[in-house]
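The block underneath contains the structure these notes are about, expressed in C-alpha cells.
These numbers come from the heavy atoms of this one structure, side chains and all, not from hydrogens, waters or symmetry mates. Quick note on labels: first sequence line is chain A, next is B, and so on, each numbered from 1.
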Amino acid sequence: MEIFLKENIRRVIKELYNAEVNDDLIQIQETRKDFKGDFTLIVFPLLKFSKNTPEKTGEMIGSQLMDSSPEISGYNVIKGFLNIEISDKWWISYFAGMMAETDLLKNCRVKNPEVILVEYSSPNTNKPLHLGHIRNNLLGFSLYRLLSACGHKVIKTNIVNDRGIHICKSMLAWQKYGNGETPESSGIKGDHLVGKYYVLFEKMYKFQAEELMSKGVEPGEAKNSAPLLMEAREMLLKWEAGDKEIIELWKKMNSWVYDGFNKTYEALGVNFDKIYYESDTYKIGKDLVQAALKDGIMYQMEDKSIWVDLTSEGLDQKLLLRSDGTAVYMTQDLGTAVLRQQEYKFDKCLYVVGNEQNYHFQVLKAVLARMGYKWAGGLHHFSYGMVELPEGRMKSREGTIVDADDLIKEMKETAREVSLQLGKLGDYNDEEKEEIFRKIGLGALKYFILKIDPRKNMTFNPTESIDFNGNTGPFIQYTYARIMSVFRKGEQMGIKFNNTILSEMKGGEKEIDLVRQLRRFQAIVSEAAAVYSPALLANYCYDLAKEFNQFYHDYSILSETDVRVRNFRLAISKYTSEVLNTAMWLLGIEMPERM
RNA sequence: GGUCCUAUAGUUCAAUGGAUAGAACGGAGGUUUCCUAAACCUUAGAUCCAGGUUCGAUUCCUGGUAGGACUACCA
C-alpha cells in the first residue's frame, strides 16, 4: 500500500506541479492513533514544488489523489500533514489475502540467505549461571530464531571457558576441603557445588592474605604470595603439562558443571548446535600467533612475550602470548574464530557478549584482519547491556549475584501463587497445572528481559518480583489463552468457522484497527532480525495483544448474530492468535492454551 | 589521563528528523446477570543543562554536568 501511495503521489505531483520528485521526498508513515486516517504524507518537503502553504498543498494533493484512486476513501490536512484514509473494503480484502496465506513469515525471507554463526552463553566452569547469563542466553536464542525465520542458515554455538587459573581455584579448594563431596553425595547441583568451592577458595585465600598482612607483609606482596594462590598456580602449570591426576580431577569437576549447566539450559529452553571448549582452541590460537610472528605481523619482547601493535588503528599494543608461553583470552578467541571459519565457512559470526568487552572485539577483528583473513569483516560483536540491580552491578563479593536457577524457580512459584489465587484451572490435573505455571513464570521472566532494547543496560529489582499485569509476558499469554477459549467454546456451541471472508462486508473500527496492526507483523520481524533487536518484536506483541483486548472487550464474537460478521471476527481472532504464537515463539516464549 | 556508552513521568521501559513525547507499574476513580477482570475505561504526572544545524530536534553536531564500562602477562 505504501508503494501504491508513493507512485500515485508522485503522479499527482507531476500533474499538479509538473515536477519529478525524488522518492525520499515522499515521506509516508502510518497515521498516529489520535488522528483520523491510515497513512500520512508529510508535505513539508514538497513545498518547494508547490510554492504554496503546507495546508493548501496537502489539500490539493489529497483531493487529486482521492479523485483518481477508489482505494482512498477520504483525507484531511492538519498543519503539514496529509492524512489519507483507506477504504474499509480495501482493508478487508487485504485481510482476506493474509488469511489465504498459510506461511505467516513468507515475506520475511531474505533474497540472499547467509550462513550465520551465533555464539552465546559462554560460561566459565567455576560458577553457576546468573541473571546476566540469562539475558545473554535469551538474546542469543531469540536471534537464532529470528534470523532463521528470515531464511538464514544459523548455527548456535557456545564457547566454554573451561581452563585457567579460576578453574584451578575451585579444584584446589575441593581437593583440600571437599572430603570427596560429589553432587550425588551432597544433593547439590553440579555447577553450584563447584561454585561453592570457588567461593571457599576466595574466602580462605583472603584469610591467608590478611594473616600475612597482620604479620607485617606489604599488601601487594601478601596477595601475591598467599600459599593457596601459589598452589593454584602450580596446579595450572601441572594442568598445562598434562599431569594425569590433575586432568582427571579437572574432567570430573567439569562434568559436574556441565550436568548443572545442561539443566539450566533446558529449563530456559535454549540449546546449541556446536559447543567449543577453550581447552581445545587455545592451542590453535598459540600456533596462529607463532605463525604471525614469523610473518612479521607481531613482535617479540626480550622476555619472550609476543605482542601486536595496533596503534595505527587507534588501538593499543596487545599481548597475545605471555612470557612463559601461555595463552591469554584473546589467543583462544583467535583460534576459535579460525576454527569456526574452517568448519562452517560462515558469512557472519555474531558474538553475543556484554558491552564491557567492546574493546576486546575491536582488537579481535583488527588482529584477524591483520593476519589477512578477509572474513574478519563478517565478525560482529552483538554488544548487549549489563543487568544491574537498583544499587548497581551485581557483585559476588557482596553476595548480590542473582542466581539463574533460583530466579527461574521463584518465577514459577509466583506464577503458581497468582494462578491458584485466580483459580481458573480447576479441572486440570497437577501435572498439567505445573506445566502452565512453568510457561507463565518463564514467560514473565523472558518477556521482562527481551522487551528491553538489548544495547541498553537494564535494571532488575529482586525485591519487587516481576509483574504479571500490564506490559508483561503473561498479559500476552493471557490474550492468547482467551482466543483459544473462544474457539473451544465455539466448538461446543457448534459454531463453524469458515475461512472465507465476504469483502463487501463493512468492518467496525476496532476490527480495522486490528487488521492494521496484524499487517505490520512481517515487517517487524524483518526489522527485528536486521537490527538484531528482539525487543522490537516483543513490544509489537504487546501492542497487538492490547489492541485485541480492546476489540474483545467492545465486541462480542460468538454471540454475534450476523453470521458474516461473526465469521469475520473469528477470522481476525484466529489470525491474531497465530501471530501472537509465532511472535512469542521467535522470542523463545511458550504459550499456554489456558491460564 | 585516554577511549566508548548512557541520561525521558515517582519507578521500569517506548518513540525511521515530524503532529498534542507513548506504555506499564505505582497514585486517584470507574466497568462483571454477557466469549477468562492476568482484562477494559477515565485521571494526574517527564525529554540533565547551554548552544548549533533544520520548515521542524527526545533523536543529528559542539560544549558542559552526572552515572557506567573499558584502558591486565584476568576472563
Item to check | Between P of B/rU16 and CD of A/Q27, the distance in whole Å | outcome: 14 Å
Next on the checklist: For a quick check of understanding: with a heavy-atom distance under 4.0 Å over all strands, which category does A/I557 fall into, base, sugar-phosphate or nothing?
Outcome noted: base
Item to check | Results of side-chain contact (heavy atoms from CB on, under 4.5 Å) for A/Q357 - residues two or more places apart only | outcome: A/Y329, A/V353, A/H360, A/F361
Checklist entry - Which part of the nucleic acid, if any, lies within reach of A/A535 when heavy atoms closer than 4.0 Å are counted: base, sugar-phosphate only, or nothing? => result nothing
Checklist entry - OP1 or OP2 of B/rU36 sitting under 4.0 Å from any side-chain N/O of A/K489? => result yes
Item to check | Side chains of A/Y540 and A/Q517, donor plus acceptor under 3.5 Å | outcome: no
Checklist entry - About how many Å separate OH of A/Y384 and CZ of A/R455, when rounded to the nearest 0.5 Å? => result 14.5 Å
Checklist entry - Does a side-chain N or O from A/R482 land closer than 4.0 Å to OP1 or OP2 of B/rA37, or not? => result yes
Next on the checklist: Categorize A/N83 for me: base, sugar-phosphate, or nothing, with a 4.0 angstrom heavy-atom threshold over every strand shown.
Outcome noted: base
Checklist entry - Checking all strands, does A/S419 fall into the base, sugar-phosphate, or nothing category for heavy-atom contacts under 4.0 angstrom? => result base
Checklist entry - Taking the six-membered ring of A/Y282, is NZ or CZ of A/R163 closer than 6.0 Å to its centre and within 45° of its axis? => result yes
Next on the checklist: Taking the ring centre of each residue, are A/F475 and A/Y478 less than 6.0 Å apart?
Outcome noted: no
Checklist entry - Does anything in residues 440-450 of chain A reach RNA chain B, meaning a heavy atom under 4.0 Å, and if so which residues? => result A/I440
Item to check | Phosphate-side-chain proximity, A/S485 and B/rU36, N/O vs OP1/OP2 below 4.0 Å | outcome: yes
Checklist outcome for this item: Looking only at B/rC55, B/rA19, B/rC35, the nucleotide nearest the A/L558 side chain is B/rC35
Checklist entry - Under a 4.0 Å N-O cut-off, is there an ion pair linking A/D543 with A/K33? => result no
Next on the checklist: Just to be sure I understand the rule, does A/F487 reach a base, reach only the sugar-phosphate, or reach nothing, if contact means heavy atoms closer than 4.0 Å?
Outcome noted: nothing
Checklist entry - Which nucleotide in the set B/rU20, B/rC35, B/rA14 lies at the smallest distance from any side-chain heavy atom of A/K456? => result B/rA14
Item to check | Side-chain N or O of A/K79 closer than 4.0 Å to phosphate OP1/OP2 of B/rG56 | outcome: no
Item to check | First encountered from the 5' end of RNA chain B, between A/F35 and A/Y552 | outcome: A/F35
Checklist outcome for this item: Under the rule of Watson-Crick or G-U wobble with both distances under 3.5 Å, where | means paired to another strand and [ ] a crossing pair, RNA chain B maps to (((((((..((((....[...)))).(((((.......)))))....(((((..]....))))))))))))....
Report all interatomic pairs (protein N or O, nucleotide N or O of nucleotides 27-32 of chain B) with separations under 3.5 Å.
none

Next on the checklist: One character per nucleotide, please: for nucleotides 67-75 of chain B, 5' to 3', B when the base has a protein heavy atom closer than 4.0 Å, S when only the sugar-phosphate does, - otherwise.
Outcome noted: --SSS-BSB
Checklist outcome for this item: From CZ of A/F81 across to C1' of B/rU20 the rounded distance in Å is 11 Å
Checklist entry - So, the side chain of A/N457 versus the backbone of A/G385: is there a donor-acceptor pair under 3.5 Å, distance only? => result no
Item to check | Residue-phosphate contact under 4.0 Å: A/Q550 side-chain N/O, B/rC41 OP1/OP2 | outcome: yes
Write out a two-atom table: protein N or O, nucleotide N or O from nucleotides 21-25 of chain B, distance below 3.5 Å.
from   : atom 1 : to     : atom 2 : distance (Å)
B/rA23 : O2'    : A/Y542 : OH     : 3.2
B/rA24 : OP1    : A/K546 : NZ     : 3.1
B/rA24 : O2'    : A/N471 : N      : 3.4

Checklist entry - Reckon A/F44 touches a base, only the sugar-phosphate, or nothing at all at heavy-atom distances under 4.0 Å? => result base
Checklist entry - Closest heavy-atom contact between A/C541 and A/I476? => result CB-CD1, 3.7 Å
Checklist entry - So how far is it from A/N83 CG to A/R32 CZ, rounded to the nearest 0.5 Å? => result 11.0 Å
Checklist entry - What does A/S556 touch in the nucleic acid at a heavy-atom separation under 4.0 angstrom: a base, only the sugar-phosphate, or nothing? => result base
Next on the checklist: Under 4.0 Å, counting only non-hydrogen atoms across every strand here, what does A/S122 touch: a base, just sugar-phosphate, or nothing?
Outcome noted: nothing
Next on the checklist: Base, sugar-phosphate or nothing for A/D543? Non-hydrogen atoms, less than 4.0 Å.
Outcome noted: nothing
